[in-house]
Protein chains: 2
Amino acid sequence: MFNKKLTLHLDFHSGLPIYTQIVTQVQSQLANGILRPGDQLPTVRALAEELRVNFNTVARAYRLLDEARIISTQQGRGTYITEIPPPKVSERLRQESIEALTLRFFGEARRLGFSKGEVSQMVRDQLKLWKDTQDAEKE
Amino acid sequence: MFNKKLTLHLDFHSGLPIYTQIVTQVQSQLANGILRPGDQLPTVRALAEELRVNFNTVARAYRLLDEARIISTQQGRGTYITEIPPPKVSERLRQESIEALTLRFFGEARRLGFSKGEVSQMVRDQLKLWKDTQDAEKE
DNA sequence: ATGACAATGATACAATTAGTACAATATTTA
DNA sequence: TAAATATTGTACTAATTGTATCATTGTCAT
């Protein structure tokens with residue numbers, strides 16, 4: 001579960017970019033159960049040293065894997081194989097998280113003694129300022 | 001009222017910093033009435049040992065909660081959930097505090113990827129549920 | 001040959017957590 | 001009560017980790 005060795009075999013003459021090879025091999029090992037959700041991958045520097053490549057190359061591979069939601073990279077912490085909640089569960093978690101967040105906000109506002117009107121006004125102001133970047137949400 | 005256990009559940013692979021997880025969980029427990037004004041939280045060292053993290057990580061969480069006026073940390077004494085501030089304190093402070101709270105809420109919501117519409121809906125729902133106890137509602 | 005582009009490397013930076021020493025307060029003890 | 005000691009949070013710093021930006025290299029089409 002922790003700090004598996006992550007043995008990769010690079011072919012420097014294959015014509016395939018190093019970062020691509022890292023990406024596909026991590027994907028393979030995940031598909032084969034060699035790597036599992038929650039596993040911590042080596043740091044970009046550690047893996048880079050072992051593979052004798054620049055750590056930016058590893059970072060690039062990790063970035064791609066991160067964008068594909070296969071791993072989760074966390075600055076200052078490390079990188080981990082993503083836990084993969086089924087879409088149903090995922091949506092539920094999402095809903096729960098916005099609910100919890102809102103509940104916290106209102107709870108805190110009330111506890112600090114703010115009135116419904118004050119909070120309502122504050123929220124309206126902020127909603128006005130909300131720039132819907134790519135949200136396209138209109139109501 | 002004193003020295004509640006404060007059971008927190010950290011996820012070291014969630015992508016959220018430990019200190020953030022501590023902050024939000026304390027906020028949740030407060031919003032849900034598990035923690036109440038006046039409650040004493042564990043010392044930074046005690047909580048750190050239980051969670052198996054460095055006490056500075058807990059201290060950072062406590063500092064954030066303190067800045068949000070959710071808890072009051074007192075060197076040499078301990079940390080306590082703040083008593084509801086008398087609504088008389090400087091109107092200035094009051095205004096700043098609701099603004100900060102709201103900004104944090106919206107910032108967090110955006111960071112979690114929620115759309116304006118989703119947040120707006122959630123807020124409306126919560127406002128409906130707001131029972132105006134003896135709020136005085138003067139504006 | 002040369003110019004364009006992709007891959008890799010070098011360097012500086014930012015975020016998170018940990019280590020160490022210290023200051024403020026509380027408690028114990030004489 | 002007063003001094004000593006313990007407890008508790010704070011400040012500063014270091015170490016570890018990923019990120020961003022630009023430079024270098026290498027390949028290939030023209």
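Just so it is clear: chains get the letters A, B, ... in the order the sequence lines come, proteins before strands, and each one is counted from 1.
Residue B:T57 places at least one side-chain N or O under 4.0 Å from the OP1 or OP2 atom of C:dA18. Between B:Y19 and C:dT16 there is a side-chain polar atom (N or O) within less than 4.0 angstrom of OP1 or OP2. For D:dG9, neither phosphate oxygen OP1 nor OP2 lies less than 4.0 angstrom from any side-chain nitrogen or oxygen of B:R77. For the OP1/OP2 pair of D:dT10 and a distance below 4.0 Å, the side-chain nitrogens and oxygens of B:T73 include at least one atom meeting the criterion.
Distance B:L65 CG to D:dT10 P: 12 Å, rounded to the nearest Å. B:H13 places its NE2 atom 14 Å from the P atom of D:dT17, with the value rounded to the nearest Å. C:dT16 atom C1' lies 12 Å from atom CD1 of B:I22, rounded to whole Å. Remark: C1' of D:dG9 and CD of B:Q40 are 12 Å apart, rounded to the nearest angstrom. Atom CD in A:E49 sits about 14 Å away from atom P in C:dG9, given to the nearest Å. One atom, CG of A:L10, and another, C1' of C:dA7, lie 14 Å apart when rounded to the nearest Å. Regarding B:Y62, its OH atom lies at a distance of 7 Å from the P atom of D:dG9, rounded to whole Å. In this structure, A:R60 places its CZ atom 16 Å from P of C:dA10, rounding to the nearest Å.
Atom CD1 of A:I22 sits about 5.5 Å away from atom CG of A:L51, to the nearest 0.5 Å.
You'll find a donor-acceptor pair under 3.5 Å spanning the side chain of A:R45 and the base of D:dG18, going by distance alone. For A:N56 against C:dT11, a side-chain N or O and a base N or O form a donor-acceptor pair under 3.5 Å.
Environment of CD in B:E99: crowded, with over 12 heavy atoms of neighbouring residues, nucleotides or ligands closer than 6.0 Å.
Candidate nucleotides C:dT17, C:dT11, D:dG18 were compared by shortest atom distance to the side chain of A:F55, and C:dT11 ranks first. Of the candidate nucleotides C:dT8, D:dT10, C:dT16, D:dT10 has the atom lying nearest to any side-chain atom of B:Q75.
A salt bridge does not link A:R104 to A:E108: none of the charged nitrogens lies less than 4.0 Å from a carboxylate oxygen. With salt bridges taken as basic N to acidic carboxylate O contacts below 4.0 Å, one links A:R63 and A:E67. Note on A:R94 versus B:E118: salt bridge recorded, some NZ/NE/NH1/NH2 to OD/OE distance being below 4.0 Å.
Using a 4.0 Å heavy-atom distance criterion, B:R63 is classed as making no nucleic acid contact.
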